[in-house]
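Structure, as structure tokens:
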Amino acid sequence: MNKKNKMIIGLLAIAVILFCIIQFGIIPANQEKQVEYAKNQTDALTHDITSIEDYKNPYIGNASNVGNLFWNLPLNNVDMKFEIDSEACTLTVNYLDTVWNIGEEKVQRDLIYNSVAAMAAIDNLSGITYNFSGDSYSFERTQIEDVFGTPLSNLLEQEKWRNDVQDKLKDTDFVEQFYK
Amino acid sequence: MIDLQKYVDGLFRHQRLTPEVQDLKEEILSNMIAKRDDLLAQGLSAENATEKAKESLSAIDYLIDGNQLTDVSKYHLECMQTLLLNCIVFWIFSLPLLFTHYALFSYTGLALVIISGCAYILRKDKKENTVAYLSITASKRRSKIAWGIWGMFFLVIVGTMAALTFGSDIWFGRPLNIDGPYQMANIAVRLYLPLLTIIIPITISNFSKILLKSRREYEDE
């Protein structure tokens, strides 16, 4: 067997081993992590707030920014449409599903989470209304600031967010105070 | 005369007509005509004289400068072997692309390894011993052309990529945003892809070197 054939066999062995490690080891593991991450991103208790960092904006007027922001917040697995009132600085999110389908407890917790996140990311957002088929919820900036403090933008730091928002939302009584 | 002219044209049909080759062609034709005239003078019929003149020269490959008597079977086998080796190298270097949207390039590398591997094994089992004159000049020319084309391709592609990526602020009014390893890797991959095609001119250059190594001495004929 000449030198070149030995080189071919050696390189082929390296290539096959590397290919198998990547194709059947690393890539499936990465995909599993991505699926797990995407699943976590649909729920307020497991959401990673750093994913909305790119969508911080001082003004509500940027429709694509608002869309991207909400597609990166909990309930992003539910189809939605947006209406922006630039003069009143308010936002309406129309979810194309029913509260009953998603689960009332989850909806109530996720809506508080989304409101705090959206108001922390968009400085002049003064109120949000969420519409579902048959149900509607509204949140004012003052109401959110009374509970979480000002300025809300200070909350968008991972550790602070986990302690001051995410952990508090685990408490059902804390969530219910927004719906009395 | 027309018969001999056609015959000589046929002998040179695979040659590039450089001024030197054209001179050689004219010399051969005039020698043949002289030979035929001699034979006619000796009393042979026109048809026989023409046939005998043709028989005096059945190939011209060895008369052309830059042609080399080559062990064609060995040359083809070594070319297949080199092609396989280079396909494996291409495949290895394309493996990082499996993590990107360009994974197809890596699968193409795998397919090329399989195809060239099968072709090499089939060629290896053939017990042929063909000898022929092959042009070293043409082989070197192919190598130069391959590098030239690749060089232009690489410059155009990389230039376009660089203009689109780093000049996005000028063309689209959108500043370049590299705020993490992901964006950095995205740009690097777009420049890495055209670089991978360097394996094509390298392979063609290797073929040229193999041709020189596959020289067959005249006494072996």
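Model, not experiment: these values are computed from the prediction. A, B, ... follow the sequence lines: proteins, then strands. Residue 1 opens every chain.
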Self-check item: Within residues 25-35 of chain A, residues adjacent to chain B where the heavy-atom gap is under 4.5 Å
Solution: A:Ile26, A:Ile27, A:Asn30
Self-check item: Atom OH of A:Tyr59 with >12 non-hydrogen neighbours under 6.0 angstrom
Solution: no
Quiz item: Just wondering, are more than 12 heavy atoms of other shown residues or ligands nearer than 6.0 Å to CD in A:Glu105?
Solution: no
Quiz item: Should we count CZ of B:Phe105 as having more than 12 external heavy atoms under 6.0 Å?
Solution: no
Self-check item: Identified side-chain contact (heavy atoms from CB on, under 4.5 Å) counterpart of A:Leu12 within the set B:Leu84, B:Leu85, B:Val113
Solution: B:Val113
Self-check item: Chi angles and distances behind the side-chain contact (heavy atoms from CB on, under 4.5 Å) call for A:Met7, B:Val89
Solution: CA-CA 11 Å; A:Met7 207 191 287; B:Val89 171; over 6 Å; no
Practice problem: Kindly indicate whether the side chain of B:Leu98, heavy atoms from C-beta on, has any atom under 4.5 Å from the side chain of A:Phe19. | Solution: yes
Quiz item: Given side chains that start at C-beta, do those of B:Tyr120 and A:Asn5 come closer than 4.5 Å, heavy atoms only?
Solution: yes
Exercise. Please state whether the side chain, the backbone, both or neither of B:Tyr107 comes within less than 4.5 Å of a heavy atom of chain A.
Key: side chain
Quiz prompt | NZ (B:Lys140) with more than 12 external heavy atoms under 6.0 Å | solution = no
Exercise. Identify the heavy atoms of B:Ile92 and A:Ala15 that sit nearest to each other, and give their distance.
Key: CG1-CB, 3.5 Å
Exercise. Measure the CG-SG distance between A:Leu11 and B:Cys87 for me, rounded to the nearest 0.5 Å.
Key: 12.5 Å
Quiz item: Should the heavy atoms of other residues, nucleotides or ligands under 6.0 Å from CD of A:Glu104 be counted, would the total exceed 12?
Solution: no
Quiz prompt | Over 12 non-hydrogen atoms of neighbours within 6.0 angstrom of NZ in A:Lys4 | solution = yes
Self-check item: Heavy atoms from other residues, nucleotides or ligands near NZ of B:Lys54 exceed 12 (cutoff 6.0 Å)
Solution: yes
Practice problem: Please round to the nearest 0.5 Å and tell me the distance separating atom CG of B:Leu95 and atom CD1 of A:Ile22. | Solution: 5.0 Å
Self-check item: For A:Glu87, all residues meeting salt bridge (Lys or Arg N to Asp or Glu O under 4.0 Å), sequence neighbours excluded
Solution: none
Quiz item: Any chance CZ of B:Phe99 has more than 12 other-residue heavy atoms, nucleotides or ligands included, within less than 6.0 Å?
Solution: yes
